[in-house]
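This report refers to the structure that appears directly beneath it.
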Amino acid sequence: MKLPCCLLCLGFAAAVACGHEDEGKTISRLSDEIAAKPAEGSLFTRRAALHLELGDWQACLVELERAERTGQRGLEVLRARALMAGRHYGHAIAVVRPVAEDAMAAILMARAEAALGRVAEAAEDYHQAMKRLPNPEPDHFL
């Protein structure tokens, strides 16, 4: 589970590193890279993360499907974040439940449960997730 999280972090780092570049140019650059290396799933993952950052959760899901077709795995957390952005809380829970031993997956599951009004389940999942995080940050508590 650490490799996909690392890849996701690298994707976010690349997006931040390109902070001077407007989002349209970044997507265009990623599209050019994908055209050159269509079997490179991490490029689709990076583009998915950028779409989500721009608020386009549906485009994010499309890119994640493309990434999976290249063999990319460990996309549950990003997929759940996209589903949460689209207010598909039940689907987000279903996506992260199999990987709920991951602290971020458990946090997303708890947030989705809270959005559905399942307060007791959300509290328990938050509690379990906080125990798994070595250094929880304030955002993890919100």
Side-chain angles (χ1 to χ4, degrees), residues 1-19 21-35 37-142:
M1 190 69 172
K2 292 184 186 223
L3 177 62
C5 289
C6 288
L7 290 174
L8 184 59
C9 288
L10 285 174
F12 285 130
V16 170
C18 297
E21 185 175 62
D22 111 333
E23 291 88 0
K25 287 182 182 177
T26 304
I27 289 175
S28 178
R29 184 179 46 75
L30 280 170
S31 297
D32 291 344
E33 289 182 46
I34 289 169
K37 300 176 188 174
E40 185 66 41
S42 64
L43 295 173
F44 290 107
T45 304
R46 286 174 42 202
R47 195 163 64 180
L50 182 57
H51 280 304
L52 186 58
E53 187 178 314
L54 296 173
D56 193 347
W57 63 272
Q58 292 168 321
C60 176
L61 291 174
V62 169
E63 297 296 347
L64 291 173
E65 289 296 323
R66 291 175 177 155
E68 278 186 337
R69 279 189 238 130
T70 68
Q72 191 81 20
R73 297 289 173 247
L75 303 172
E76 295 86 1
V77 169
L78 186 54
R79 176 172 279 117
R81 287 182 57 228
L83 289 166
M84 295 271 298
R87 299 179 189 257
H88 293 276
Y89 305 116
H91 291 106
I93 291 169
V95 166
V96 292
R97 181 166 279 137
V99 294
E101 71 280 350
D102 176 74
M104 290 311 300
I107 288 171
L108 284 172
M109 190 163 66
R111 288 179 180 168
E113 288 166 340
L116 292 172
R118 301 178 193 164
V119 179
E121 294 95 335
E124 179 58 29
D125 286 334
Y126 270 123
H127 177 72
Q128 294 302 319
M130 292 301 116
K131 290 189 328 188
R132 292 184 194 116
L133 284 173
N135 299 311
E137 296 180 13
D139 286 346
H140 295 137
F141 294 96
L142 297 178

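Counting from 1, the numbers follow the sequence of the chain as shown. Keep in mind it's a predicted model, so treat the numbers as computed, not measured.
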Practice item. Measure the spacing between CD1 of Ile27 and CZ of Arg47 and express it to the nearest 0.5 Å. Key: 8.0 Å
Review point. Any Lys/Arg nitrogen of Glu124 or Arg118 sitting under 4.0 Å from an Asp/Glu carboxylate oxygen of the other?
Key: no
Point to revise | Contact summary for Trp57 and Ala85, nearest pair of heavy atoms | key: CB-CB, 3.8 Å
Practice item. Indicate yes or no: at least one non-hydrogen side-chain atom of Tyr126 is less than 4.5 angstrom from one of Arg111. Key: yes
Review point. What closest approach, in Å, do Ala80 and Leu108 show between heavy atoms, and which atom pair accounts for it?
Key: CB-CD1, 4.0 Å
Check your understanding: Is Arg79 paired with Glu76 through a side-chain N to carboxylate O contact shorter than 4.0 Å?
Key -> no
Check your understanding: Any donor and acceptor pair, going by atom type alone, linking the side chain of Gln72 with main-chain N or O of Ser42 inside 3.5 Å?
Key -> yes
Practice item. Please report the closest heavy-atom contact between Arg132 and Ala106, naming both atoms and the distance. Key: NH1-CB, 3.6 Å
Point to revise | Shortest non-hydrogen contact from Ala110 toward Ala122 | key: O-CB, 3.3 Å
Review point. Looking at CG of Leu64 and CG of Leu78, how far apart are the two atoms once the value is rounded to the nearest 0.5 Å?
Key: 4.5 Å
Check your understanding: So do the side chains of Phe44 and Arg69 get within less than 4.5 Å of each other, counting heavy atoms only?
Key -> no
Exercise for review: Flag the pair Ile107 / Leu133 as yes when at least one side-chain heavy-atom distance between them is below 4.5 Å, and no otherwise.
Suggested key: yes
**Study point:** Leu61 side, atom CG; His51 side, atom NE2 - distance, nearest 0.5 Å
**Key:** 11.0 Å
Review point. What are the two closest heavy atoms between Ala112 and Met84, and how far apart are they?
Key: CB-SD, 3.4 Å
Review point. CD/Gln58 to CG/Leu83 distance, rounded to the nearest 0.5 angstrom?
Key: 10.5 Å
**Study point:** Arg29/Glu33 salt bridge by N-O under 4.0 Å criterion
**Key:** yes
Practice item. Nearest 0.5 Å please: distance from the NZ atom of Lys37 over to the CG atom of Asp32. Key: 12.5 Å
**Study point:** Flag side-chain contact, heavy atom, 4.5 Å: Glu40 against Thr70
**Key:** no
Check your understanding: Just wondering, more than 12 heavy atoms not from His88 lying within 6.0 Å of its NE2?
Key -> yes
Exercise for review: First locate atom CZ of Arg87, then atom CG of Leu116, and finally report the distance between them rounded to the nearest 0.5 Å.
Suggested key: 12.0 Å
**Study point:** Shortest non-hydrogen separation from Leu52 to Ala82 and the atoms involved
**Key:** CD1-CA, 3.8 Å
